[in-house]
Amino acid sequence: MDKSDNNNIDEKVENLMFPLDTKPISTLADYVVIKALADGVMISGMTRGKETKFHHSERIDVGEVVIAQFTDNTSAMKVRGKAKILTKYGVVYSGMPEKE
């Protein structure tokens, strides 16, 4: 391994080390935080593509938290039960009547 190889490696490492606020933003990087407010909250991930199908589900109990990400495979999430859902757009509650 000669000196030019070391320089190339250093450049590659520098290119990978972005400050967090300079990374490209993609909708696939969106996260949601789901906190169960009651036992038995069900979270289901739904697929992308021609047919929408359930591909994964989790059951969480009061106080438990799931941090989920939209991906190439996950286009939607369904939350059933009392939960607090935090997104970059704000906070939503599921399983509870809204006050108008």
If you compare all heavy atoms of [X] against all heavy atoms of [Y], which two are closest, and at what distance to 0.1 Å?
{"X": "Ile34", "Y": "Ile60", "value": "O-CD1, 4.0 Å"}
{"X": "Gly95", "Y": "Lys82", "value": "O-CG, 3.5 Å"}
{"X": "Val65", "Y": "Lys35", "value": "CG2-CG, 3.9 Å"}

**Study point:** Under the salt bridge (Lys or Arg N to Asp or Glu O under 4.0 Å) test, residues paired with Asp39 that sit two or more places apart
**Key:** none
Check your understanding: Sequence neighbours excluded, which residues qualify as salt bridge (Lys or Arg N to Asp or Glu O under 4.0 Å) partners of Arg59?
Key -> Asp61
Exercise for review: State the CE-CE distance between Met46 and Met77, to the nearest 0.5 angstrom.
Suggested key: 11.5 Å
Practice item. Would you give the length of the straight line joining atom CZ of Arg80 to atom OG of Ser94, rounded to the nearest 0.5 angstrom? Key: 10.5 Å
**Study point:** Donor-acceptor under 3.5 Å (Thr47 side chain, Lys53 main chain)
**Key:** yes
Check your understanding: Do the side chains of Leu86 and Val62 join up, straight or via other hydrophobic residues, at under 4.5 Å, putting them in one cluster?
Key -> no
Practice item. Flag yes if Ile67 and Tyr93 sit in one hydrophobic cluster, no otherwise; membership is Ile, Leu, Val, Met, Phe, Trp, Tyr, and two members link when side-chain heavy atoms are under 4.5 Å apart. Key: yes
Check your understanding: Among Val91, Val79, Val33, which one satisfies side chain to side chain contact (heavy atoms under 4.5 Å, CB included) with Ile85?
Key -> Val79
